[in-house]
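Down below is the structure, laid out as structure tokens.
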Amino acid sequence: MRFRVLGPVCLEPRTPSAPKQRAVLATLLVRAGAVVPAGALFDELWPDGPPRTAATTLQVYVSHLRKALTQGGHGRGPLETRPPGYLLRVEPGELDLRRFEELLSHGRAAFGACDFAAASGALTEGLALWSGPALSGVPQGEVLTAAAVRLDELRLEALELRIEADLRLGRHHEVTGELMELARAHPLREQLHCQLMEALRRAGRTTDALRAYRAVHRSLHDELGVTPGPALVRQHARVLSAHASEPVSAGATAAAVAAAPIGRPRAGSRRASGGPLPDVRVSRAHRRSP
């Protein structure tokens, strides 16, 4: 890859050292193949308003970028002046973002066709292109901030789809540890918690799955004031059914009681916050907590 934005912004063979030059490069890369107006670059570089020398300064940044790109062996270079701004041409295989989007598309298609091995392979390859948060290492204005949010969301989508494909392939033991880390990193991401509970259920660890449900329920209630959504409620019901069918020893019964999901409180019982807990076993959709 010659250009990288799925992590720190990089240009091979040498990344510009000036932060604002890297910001210009990043803005052109997230819109590669399209004209980026000079006004949009002004807004990105100077969110509080461009200085009087903005046009001249931008031309200097572009000139330095052209030299760096031409040194990479592109002849006249891929950075063109196109009214009302600039266009950066990127060839196939040069930009990690484009390759990631191709592999994500392949993974979606394979998953839709129930070819879970192909889906897992494509998505694993795509996720390997990431080296950190998208577009890191550059000052971000409105354009780059929105692009970073979009790209990080795409990464999570690819990660969830790859894990789902692995679960369909019976790889629940392999993904359990990864899911535990992801659930801690994304305490409000319900799909990841559903997948963690399913992996634990398949491994016969229903008590741990109930603990996982209790944790996400509390996070959703405390942080957002909502109860779990339908998918999480259905997963909870599957875990309860599996747990009920397991042989239970006296010790396991006590552990299960301790890990049981938050349900209807006894008369007079209250949370530390002073409000009663909802009966999540009958929740069928997100709703505001009382």
Smallest separation among heavy atoms of T206 and A242, with atom names:
CG2-CB, 3.9 Å
In short, A209 meets R201 closest at the heavy-atom pair CB-N, 4.5 Å
Name each donor-acceptor pair under 3.5 Å that joins a side chain in residues 133-143 to protein atoms two or more places apart or in another chain, with its distance.
from: S136; atom 1: OG; to: G7; atom 2: O; distance (Å): 3.3
from: S136; atom 1: OG; to: P133; atom 2: O; distance (Å): 3.2
from: Q140; atom 1: NE2; to: L135; atom 2: O; distance (Å): 2.8

For L87, which fellow cluster members are found when Ile, Leu, Val, Met, Phe, Trp and Tyr are connected by side-chain heavy-atom distances below 4.5 angstrom, either directly or through intermediates?
V35
Minimum heavy-atom distance between P187 and H193, given as atom pair plus value:
O-NE2, 3.3 Å
Quick one: closest heavy-atom pair of S120 and T124, and the distance?
O-OG1, 2.7 Å
Below 30° counts as parallel, above 60° as perpendicular, anything between as tilted: where do the rings of Y213 and H217 land?
tilted
Does R2 use its side chain to pair, donor to acceptor, with the backbone of E12 at less than 3.5 Å?
yes
What residues, two or more places apart in sequence or in another chain, satisfy side-chain contact (heavy atoms from CB on, under 4.5 Å) together with R189?
E153, L156, E160, H186, L192
Please list, chain by chain and in numerical order, all residues satisfying side-chain contact (heavy atoms from CB on, under 4.5 Å) with R205, sequence neighbours excluded.
T176, M180, L200, A203, D208
Are the side chains of H243 and L210 in contact, using a 4.5 Å heavy-atom criterion?
yes
Atom CG of L154 and atom CG of L159: how far apart are they, to the nearest 0.5 Å?
12.5 Å
L196 side chain reached by V216 side chain, heavy atoms, under 4.5 Å
no
Hey, mind stepping through E178 and R162 against side-chain contact (heavy atoms from CB on, under 4.5 Å) and telling me if it holds?
CA-CA 12 Å; E178 178 184 14; R162 193 225 82 212; 2.8 Å; yes
Say whether, by atom type as modelled, one donor and one acceptor occur between the side chain of R155 and the main chain of L127 under 3.5 angstrom.
no
State which residues pass side-chain contact (heavy atoms from CB on, under 4.5 Å) with D43; sequence neighbours excluded, sorted by chain then number.
none
Check whether L144 and V149 end up in the same hydrophobic cluster, where Ile, Leu, Val, Met, Phe, Trp and Tyr are linked by side-chain heavy atoms less than 4.5 Å apart.
no
Side chain to side chain donor-acceptor pair (under 3.5 Å) assessment of T81 paired with R66:
CA-CA 11 Å; T81 299; R66 279 202 175 104; 2.6 Å; yes
Counting C-beta onward and ignoring hydrogens, is there a side-chain heavy-atom pair between P51 and W46 closer than 4.5 Å?
yes
Test log, rule side-chain contact (heavy atoms from CB on, under 4.5 Å), inputs D96 and V5:
CA-CA 7 Å; D96 59 354; V5 296; 3.6 Å; yes
Close side-chain approach of L97 to L29, heavy-atom, < 4.5 Å:
no
Might you point out which heavy atoms bring A32 and V90 nearest each other, and give the distance in Å?
CB-CG2, 3.7 Å
Step by step, would you call R108 with E164 a salt bridge (Lys or Arg N to Asp or Glu O under 4.0 Å)?
CA-CA 11 Å; R108 287 170 176 156; E164 190 63 32; over 6 Å; no
Would you give the length of the straight line joining atom CZ of R99 to atom CZ of R4, rounded to the nearest 0.5 angstrom?
12.5 Å
Step-by-step side-chain contact (heavy atoms from CB on, under 4.5 Å) determination, Y86 to E80:
CA-CA 6 Å; Y86 303 92; E80 304 176 5; over 6 Å; no
Looking at side-chain heavy atoms only, is the closest gap between M197 and H236 below 4.5 Å?
yes
Would L169 and L103 show up in the same hydrophobic cluster when neighbours are defined by side-chain heavy atoms closer than 4.5 Å?
yes
Inspect the contact between E44 and K20 and indicate whether a charged nitrogen and a carboxylate oxygen are less than 4.0 angstrom apart.
no
Heavy atoms only: give me the nearest W130-L151 pair and the separation to one decimal.
CH2-O, 3.3 Å
Side-chain touch L167/R171, heavy atoms, less than 4.5 angstrom
no
Test E223 against R218 for salt bridge (Lys or Arg N to Asp or Glu O under 4.0 Å), laying out the working first.
CA-CA 8 Å; E223 295 294 325; R218 179 172 287 119; over 6 Å; no
Evaluate side-chain contact (heavy atoms from CB on, under 4.5 Å) for R168 paired with F111, printing each intermediate quantity in order.
CA-CA 10 Å; R168 302 290 182 94; F111 191 93; 4.0 Å; yes
Between the OG1 atom in T70 and the CG atom in L79, the distance rounded to the nearest 0.5 Å is 8.5 Å
One thing to verify: whether E174 and R202 come together as a salt bridge, which I'm taking to mean a side-chain N less than 4.0 angstrom from a carboxylate O.
no
Acceptor/donor pairs from residues 53-63 side chains to any protein atom, 3.5 angstrom cut, sequence neighbours excluded:
from: T57; atom 1: OG1; to: T53; atom 2: O; distance (Å): 2.9

Drop me the distance from L240's CG to Q235's CD, to the nearest 0.5 angstrom.
10.5 Å
Flag the pair P16 / L65 as yes when at least one side-chain heavy-atom distance between them is below 4.5 Å, and no otherwise.
yes
Flag, side chain of S241 to backbone of R238, donor-acceptor distance under 3.5 Å:
no
